[in-house]
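Each remark here refers to the structure printed beneath this line.
Since we're looking at a predicted model, the values are computed, not measured.
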Amino acid sequence: MPSHEQRRQVTVRTTPKLVPFLVAGLAVAFTAAVITVYATAPAENYSRPASLGYMTFVYCLPALALSATAWLATEKVLRRRASTYDITPAERK
């Protein structure tokens, strides 16, 4: 082992997971679609399940964009809170 100590700097930070943000966005979109379909009068040419499917699809695109934006904002805030440490390798036996 060399006589000088090998030091390195590492940055430790927490990162949010993307999937829970997207699933929450889809849940909000589905909830908004259910409220929209059942709060309005039914259409003559479409059944309620067909209207629910269409409205879910329409609301999913903006909801996914907003949830991805919320994830990016959260990730940016957590990136600023990163901590830097000096480390040395452990001795091997």
Pair up each side-chain donor or acceptor in residues 76-87 with any protein partner under 3.5 Å, not counting sequence neighbours, and list the distances.
| unit_1 | atom_1 | unit_2 | atom_2 | d |
| --- | --- | --- | --- | --- |
| R79 | NH2 | E75 | OE1 | 2.8 |
| R79 | NH2 | E75 | OE2 | 3.0 |
| D86 | OD1 | Q9 | NE2 | 3.3 |

Across all chains, not counting sequence neighbours, the side chain to side chain contact (heavy atoms under 4.5 Å, CB included) partners of L66 are none
Donor-acceptor contacts, no H, no angles, side chain residues 24-42, under 3.5 Å, sequence neighbours left out:
| unit_1 | atom_1 | unit_2 | atom_2 | d |
| --- | --- | --- | --- | --- |
| T31 | OG1 | A27 | O | 2.8 |
| T36 | OG1 | A32 | O | 2.8 |
| T36 | OG1 | Y59 | OH | 3.1 |
| T40 | OG1 | T36 | O | 3.0 |
| T40 | OG1 | V37 | O | 3.4 |

In short, L64 meets S67 closest at the heavy-atom pair O-OG, 3.0 Å
Do F57 and L52 sit in one hydrophobic cluster, given that two such residues count as connected whenever their side-chain heavy atoms are within less than 4.5 Å of each other, even indirectly?
no
So, do L22 and W71 sit near enough that their side-chain heavy atoms are less than 4.5 Å apart?
no
For residues 43-56, the side chain to side chain donor-acceptor pair (under 3.5 Å) pairs (sequence neighbours left out) are none
